[in-house]
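Only one structure is covered here, and it is reproduced in the block below.
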Amino acid sequence: MWRGGSNTRTCKRRFFSSPTRSRHHRPPYICRLHSRGSQHLKAMAEVDHLAAERATARFDVEEMKVAWAGSRHAVHVADRMARLVASDPVFRKDNRTMLSRKELFKDTLRKAAHAWKRIVELRLTEEEADLLRQYVDQPGYVDLHWGMFVPAIKGQGTEEQQHKWLPLAYKFQIIGCYAQTELGHGSNVQGLETTATFDPKTDEFVIHSPTLTSSKWWPGGLGKASTHAVVYARLITEGKDYGIHGFIVQLRSLEDHSPLPGVTLGDIGGKFGSGAYNSMDNGVLRFDHVRIPRDQMLMRLSQVTREGKYVHSNVPKQLLYGTMVYVRQSIVADASKALSRAVCIAVRYSAVRKQFGSQDGGPETQVLNYKTQQSRLFPLLASAYAFRFVGDWLNWLYTDVTQKLEAKDFSTLQEAHACTAGLKAVTTSVTADAIEECRKLCGGHGYLNSSGLPELFAVYVPACTYEGDNVVLLLQVARILMKTVSQLASGKQPVGTMAYMGKVQYLMQCKSAVSSAEDWLNPDAIQEAFEARALRMAVNCAQNISQAASQEEAAGFYERSPDLLEAAVAHIQLIIVTKFIEKVHQEIPGHGVKEQLQALCNVYALYILHKHLGDFLATGCITPRQGALANEQLGKLYAQVRPNAVALVDAFNYTDHYLGSVLGRYDGDVYPALYEEAWKDPLNETVVPEGYHEYLRPLIKQQQLKLSRL
Ligand SMILES: CCCCC/C=C\C/C=C\C/C=C\C/C=C\C/C=C\CC/C=C/C(=O)SCCNC(=O)CCNC(=O)[C@H](O)C(C)(C)COP(=O)(O)OP(=O)(O)OC[C@H]1O[C@@H](n2cnc3c(N)ncnc32)[C@H](O)[C@@H]1OP(=O)(O)O
Ligand SMILES: Cc1cc2nc3c(=O)[nH]c(=O)nc-3n(C[C@H](O)[C@H](O)[C@H](O)COP(=O)(O)OP(=O)(O)OC[C@H]3O[C@@H](n4cnc5c(N)ncnc54)[C@H](O)[C@@H]3O)c2cc1C
């Protein structure tokens, strides 16, 4: 981790960021003594405190890096970009939680500008530039510019519109954001109130915010940075409301950045946690009859003619939601990154941290050796790998659907919606909870900002809400499940990830054949149990909805929505398990790599089975004894993972800079780092705190005076 800067109180040394480099030729650990510290750190030889852990690994870590990253090329590029960022003082982030909101925002602007400068100077490819931005690791307007504004124009703009706007966006001549959510409506997109009324006299749309609740509210990058937005508004022409459509609207002057006439703009205020998502200028926006040319309506899906006629192309109207589908699939990949970071910190620290168990003055026990620590941590490690692989698969599915859409084949649109919505919901919910669990797994030190976990949590939790509230998205999955179940009777064969439902006759009555703990290592046994559980839960919901005889279907759905959520989760967990099993069935090079992934796959599946045992038992697809055998096998698997745990997180190949955690350091030398980090806090800038003379001294003196009078 580069600890540069002008802080003379900090140690005169460089922490090398790269795990691979750090193993060799690191300079001696010499720390200048803190002048005000009560205890002096001794110069000490640098050691890898985790070397013994790394020596017990039973697989080739370099090859596991390839399995994690997807290819040797991906490892290489990621490594180069991570080092580039870690070695650049502008990208320093260890002081981030101590900056005021204004300083943090300016720091974000500086980092974004510097990143762009480096991307241009080094002529980085798109792949390299994306990775560089990832390693800069600070949410900012560029995320929305590249992540939503550009994709919205690509997906919903005509070729002519793309030709006009994309080159401007690619060169940052304009900065864009995605302005959909309003103060009054986010989840219910059809409920948005902003209007875009066509005026045939001037060939313009008039964009207007008719109510307070129609104010755009939340769009990232809108508050302070963006010059343009893709604004979602109700299209009104010839007196008729045609519902929500996208429009490119200029918001700020390209000369002095001031809001254009009729546009009111600002930031919506501080958000959860210090640092974290406060680097982002989520904004508020109101329009007072702002006029834009007709050709700034995104017209790929539908058009308004010069005369004001509304023309809808012969495509599903849900294509309007395409940008959200795109971002949802990328959020699944992000979940594995955030989760693996938290797990990497918790595993390394758990291997360093010792508590209890010392006998005859011998060493205490590494907390990683406690079975409880393993049973909390290893399922999260397995989940990180599971999410990585399902994320890769989802990316493939998204690409495949996009190609089909280009060819006007809309048959897989529903599958893409169900998978992106459901996987986004499940992976972000699990990851948010897991980061908090990792904090607890690190004990008291996990609560320090320097552990990196509080900030990671604060920056990550909104992922459960943005790009679709997780409950709202799971209800979308449930709706598709109910539709699929209702079509089974007519003999329509479900396809894609719903194909298992076609085995309804078998899955509704099958009984698991597992009779020993080892039997649970058979992927077919796992697959069958997960399929039977998911299908039976869906069918139960469908029956309960239809049995609510007097009710309409929608009312039945509403009544049963808590159960429907659980059925949707079961279906999505089945997809994750299936994709992990498929991954492990592939050829995977490298000594012991496949075996480790097999073990992690089993940990993931059996952990879910154990955690949701009630579902499996209630639907009758396994017996209580089989449930107990699964738990027995899980314990054995944890023992198998234990000697490989540190190497399994090393395979994520994260630099110390990217991890941003004194507890997760590659060398495991956490105590001097914790100690050193404490002295950097602004409170330690003076020995006697500000406020002493105003508040502490008078208080103490007053009490002394009272005592002396006694
Ligand atoms: C400091 C340390 C740093 C650490 C960093 C650590 C890790 C990094 C990890 C994290 C990243 C952190 C920072 C990253 C920075 C940026 C993050 C990126 C993005 C954040 C920005 C967020 C943007 C937004 O939130 S944009 C707004 C998103 N809004 C929504 O998602 C709204 C949700 N609502 C809807 O989608 C819809 O309203 C609805 C719920 C789907 C309902 O739609 P409606 O039209 O009303 O339809 P229905 O009647 O329900 O359905 C009709 C019909 O349509 C089908 N349908 C619905 N949607 C779709 C679709 N998308 N595709 C296809 N079909 C669809 C539906 O099934 C139904 O079909 P049927 O008629 O056949 O039944
Ligand atoms: C950090 C952050 C960044 C964002 N960035 C952007 C951006 O760049 N651009 C943009 O346009 N938007 C952005 N958003 C907005 C975001 O997309 C919405 O907040 C999100 O879609 C949720 O909508 P909502 O706020 O209306 O929640 P609500 O729908 O009001 O949710 C409130 C509660 O109601 C429940 N609920 C709602 N509907 C139902 C239902 N039908 N059934 C059962 N329960 C229901 C939800 O589960 C939730 O518990 C961002 C939000 C955040 C937090």
Side-chain angles (χ1 to χ4, degrees), residues 93 96-97 133-134 136-144 146-149 152 177-192 216-222 226 229-232 243-244 268 271-273 275-280 282-283 316-328 330-331 333-342 401 410 412-418 420-421 424 428 431 435 452-477 479-480 482-483 557-558 561-562 564-565 658-660:
K93 59 177 185 165
R96 196 161 49 189
T97 55
R133 279 197 297 274
Q134 178 199 313
V136 170
D137 190 35
Q138 193 149 306
Y141 69 89
V142 284
D143 300 337
L144 281 302
W146 294 115
M148 296 202 79
F149 180 71
C177 65
Y178 185 87
Q180 182 177 293
T181 306
E182 296 174 356
L183 193 53
H185 292 96
S187 295
N188 179 7
V189 177
Q190 297 301 329
L192 298 178
K216 292 293 171 189
W217 190 270
W218 269 118
L222 168 68
S226 295
V230 168
V231 172
Y232 286 84
I244 303 305
I268 60 171
K271 290 157 294 216
F272 188 94
Y277 216 81
N278 285 299
S279 54
M280 184 72 87
N282 294 95
K317 66 176 174 25
Q318 289 82 7
L319 289 181
L320 181 77
Y321 298 157
T323 313
M324 292 189 280
V325 174
Y326 162 72
V327 180
R328 285 172 196 152
S330 74
I331 286 176
D334 281 347
S336 73
K337 283 178 202 144
L339 178 51
S340 55
R341 284 172 72 170
V401 172
F410 306 113
T412 49
L413 201 57
Q414 176 178 282
E415 165 85 340
H417 173 44
T420 48
K424 183 271 180 187
T428 55
T431 298
I435 297 170
L453 292 166
E455 199 185 5
L456 187 58
F457 181 71
V459 85
Y460 193 76
V461 275
C464 298
T465 305
Y466 61 55
E467 228 40 84
D469 167 83
N470 284 352
V471 167
V472 170
L473 294 184
L474 284 170
L475 289 174
Q476 286 285 314
V477 178
R479 217 166 102 148
I480 295 169
M482 293 305 98
K483 201 161 117 182
F557 189 93
Y558 166 77
S561 50
L564 284 159
L565 272 191
Y658 183 55
L659 272 187

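Quick caveat: nothing in here was measured; it's all calculated off a predicted structure. Positions are given from 1 along the sequence. Counting convention: from 1, in listed order, for ligands and their atoms alike.
Of all the heavy atoms of V472, the ones lying under 4.0 Å from any atom of ligand 1 belong exclusively to the side chain. Residue L475 touches ligand 2 through its side chain alone, judged by heavy-atom distances below 4.0 Å. For E467, every heavy-atom contact with ligand 2 shorter than 4.0 Å involves the backbone, none the side chain. Only the side chain of R328 comes within contact range of ligand 1, with a heavy atom under 4.0 Å; no backbone atom does. Neither the backbone nor the side chain of Q138 comes within 4.0 Å of ligand 1, counting heavy atoms alone. Neither the backbone nor the side chain of N188 has a heavy atom within less than 4.0 Å of ligand 2. Residue-level proximity to ligand 2 for N470 is absent, since no heavy atom of it falls below 4.0 angstrom. With a heavy-atom cut-off of 4.0 Å, R96 touches ligand 1 through its side chain alone. Residue Y277 touches ligand 2 through its side chain alone, judged by heavy-atom distances below 4.0 Å. Contacts of T181 with ligand 2, taken as heavy-atom pairs under 4.0 Å, involve both backbone and side chain. Under 4.0 Å from ligand 1, the heavy atoms of Y178 that appear belong solely to its side chain.
Annotation for ligand 1: atoms under 4.0 Å from non-hydrogen atoms of A338 are 7 (C). Close approach to K483 involves these atoms of ligand 1, each under 4.0 Å from a residue heavy atom: 70 (P), 72 (O), 73 (O). Those atoms of ligand 1 with a heavy atom of Q318 less than 4.0 angstrom away are 52 (C), 53 (C), 54 (O), 55 (C), 56 (N), 63 (C), 64 (N), 65 (C). Atoms of ligand 1 lying under 4.0 Å from any heavy atom of V189, numbered from 1 in the order shown and given with element: 32 (C), 34 (N), 35 (C), 37 (C), 38 (O). Each of the atoms 32 (C) of ligand 1 lies under 4.0 Å from some heavy atom of G186. Interface of L456 with ligand 1, defined as ligand atoms under 4.0 Å from a residue heavy atom, comprises 4 (C), 6 (C).
For atom 48 (P) of ligand 1, the closest non-hydrogen atom on the protein side is R479 NH2, 3.7 Å. Among all protein heavy atoms, the one lying closest to atom 44 (N) of ligand 2 is V471 CG1, 4.1 Å. Looking only at protein heavy atoms, the nearest one to atom 46 (C) of ligand 2 is D469 OD2, 3.3 Å. Taking atom 8 (O) of ligand 2 as the reference point, the nearest protein heavy-atom neighbour is G220 N, 3.0 Å. Atom 31 (O) of ligand 2 has its closest protein heavy atom at S187 OG, 4.3 Å.
The residue among Y558, W218, W217 with a heavy atom at the shortest distance from atom 52 (C) of ligand 2 is W218. The option from V472, V459, T465 that lies nearest to atom 38 (N) of ligand 2, judged by heavy atoms, is V472. Compare H185, M482, H417, E467 by their heavy atoms: the one nearest to atom 58 (N) of ligand 1 is in H417. When K317, Q190, R133, Q476 are ranked by how near their heavy atoms come to atom 50 (O) of ligand 1, first place goes to Q476.
Side-chain atoms of R328 come within 3.5 Å of backbone N or O of E467 as a donor-acceptor pair.
Heavy-atom separations between K337 and ligand 1 are all 4.0 Å or longer. Proximity of R341 to ligand 1 is established by a heavy-atom distance of less than 4.0 Å.
Side chains of H417 and Q476: a donor on one and an acceptor on the other come within 3.5 Å.
When the shell of 6.0 Å around CZ of F410 is examined, it contains more than 12 heavy atoms from other residues, nucleotides or ligands.
For the pair R479 and F557, the cation-pi test (distance below 6.0 Å, angle within 45°) is failed.
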